[in-house]
Amino acid sequence: MSVTFYSPAPIPPDDHARNQAVRASGLLDRIDDPQLNALAKTARKLVNGDWAGVALIVDDLQIVVASSGGQLGRYERARSISAHAVVTPDRLFCVPDVIADGTFGSNPFVRVGLIRFFVAAPIIDAAGYALGVLCVSSRNTRAALNDAEAAALRSLAARVLEPTVDAS
């Protein structure tokens, strides 16, 4: 039996300002927002995933404010694979096989079989802060995203910050 360890993502040096930007974005007030849920659904279909969501990383939490194929919720940042993506906001974070990668094998979601493939496009505000991610996971491995898929997922992530449509 092999032993695996899970290392939480490093904390970005600008994390205090990044946390303030998350709070100022208004996204924490958009839990279960139909527009964000629709973006998650589109991302899930794009990548052919089992689950997709909008996950904000703030303080010591990951807060899933929108979802397709799973639940909303609050999770410890230390257990968040998404938190790794806010460390490198200039690139797509993709792990085709989280078990083979070796970094995430003891993550609770990996251990119970919910995540085998994971991809996240950072949600970047106008000041350049990564507020969180639009992410997709699957119970099965798959190849990394091709250029067109990656561009489409980044485009969807950019739409997360679009204002809500007033139905009145």
Minimum heavy-atom distance between S80 and A83, given as atom pair plus value
OG-N, 2.9 Å
Return yes if some donor-acceptor pair links the side-chain N/O of D125 with the main-chain N/O of A127 below 3.5 Å, else return no.
yes
Is there a side chain to side chain contact (heavy atoms under 4.5 Å, CB included) between R23 and L28 once you walk through the steps?
CA-CA 7 Å; R23 287 186 194 86; L28 290 169; 4.1 Å; yes
Should D15 and R77 count as an ion pair when the cut-off is N to O under 4.0 Å?
yes
More than 12 heavy atoms of other residues, nucleotides or ligands under 6.0 Å from CG of D90: is that the case?
yes
Return yes if some donor-acceptor pair links the side-chain N/O of S67 with the main-chain N/O of G70 below 3.5 Å, else return no.
yes
Spell out, as yes or no, whether a donor-acceptor pair under 3.5 Å connects the side chain of D97 to the backbone of T141.
no
Considering the options V65, I63, V64, which one meets the side chain to side chain contact (heavy atoms under 4.5 Å, CB included) requirement together with L72?
V64
Treat each ILVMFWY residue as a node, draw an edge where side-chain heavy atoms are under 4.5 Å apart, and state whether I11 and V86 are in one component.
no
Can you tell if the side chain of L145 reaches within under 4.5 Å of the side chain of L92, non-hydrogen atoms only?
yes
Can you find a pair of side-chain heavy atoms, one from I81 and one from V110, that are under 4.5 Å apart?
yes
Should V47 and F93 be counted in the same cluster of Ile, Leu, Val, Met, Phe, Trp and Tyr side chains packed under 4.5 Å apart?
yes
Counting N and O atoms only, with roles assigned by atom type, does the side chain of S155 sit under 3.5 Å from a partner on the main chain of A151, one being a donor and the other an acceptor?
no
If you group Ile, Leu, Val, Met, Phe, Trp and Tyr by side-chain heavy-atom gaps below 4.5 Å, do L131 and V54 land in one group?
yes
Quick one: pull up CZ in F104 and NE2 in H84 and give me the separation to the nearest 0.5 Å.
4.5 Å
For P89 against I124, the heavy-atom pair lying closest together
CB-CD1, 3.5 Å
Determine whether Y75 and I31 fall in the same hydrophobic cluster, where Ile, Leu, Val, Met, Phe, Trp and Tyr are linked whenever their side-chain heavy atoms lie under 4.5 Å apart.
yes
Counting only heavy atoms not in E162, do more than 12 fall under 6.0 Å of its CD?
yes
Say whether L46 and F118 are linked into one hydrophobic cluster, either directly or through other cluster members, by side-chain heavy-atom distances under 4.5 angstrom.
yes
Working to the nearest 0.5 angstrom, can you tell me the gap between S68 OG and K41 NZ?
6.5 Å
When rounded to the nearest 0.5 Å, the distance separating CG of L156 from CG of L36 is 11.5 Å
So, R142 side chain and F117 main chain: donor-acceptor pair closer than 3.5 Å or not?
no
Distance check, rounded to the nearest 0.5 Å: L153 atom CG versus L134 atom CG?
5.0 Å
Does a donor on one side chain sit under 3.5 Å from an acceptor on the other, for N37 and D33?
no
With a 4.0 Å cut-off, would you call D50 and R116 a salt bridge?
no
Of the non-hydrogen atoms in A85 and P122, which two are nearest, and what is the gap between them?
O-CG, 3.8 Å
Would you find a donor on one side and an acceptor on the other, under 3.5 Å apart, between the side chain of D14 and the backbone of A17?
no
Report, as yes or no, whether the 6.0 Å neighbourhood of atom CZ on R74 holds more than 12 heavy atoms from other residues, nucleotides or ligands.
no
Between R154 and R91, is there a donor-acceptor pair closer than 3.5 Å when you use the side chain of the first and the backbone of the second?
no
Nearest atoms (heavy-atom pairs only) where F109 meets V112
O-CG2, 3.7 Å
Looking only at non-hydrogen atoms, find the nearest pair between C94 and P96 and report the distance.
O-CD, 3.8 Å
Which distance, rounded to the nearest 0.5 Å, do you find between the CD1 of I57 and the CZ of R18?
7.0 Å
Output the distance between atom CZ (R44) and atom SG (C135), rounded to the nearest 0.5 Å.
13.0 Å
G113 to R139 - nearest heavy-atom pair and separation
O-CG, 3.4 Å
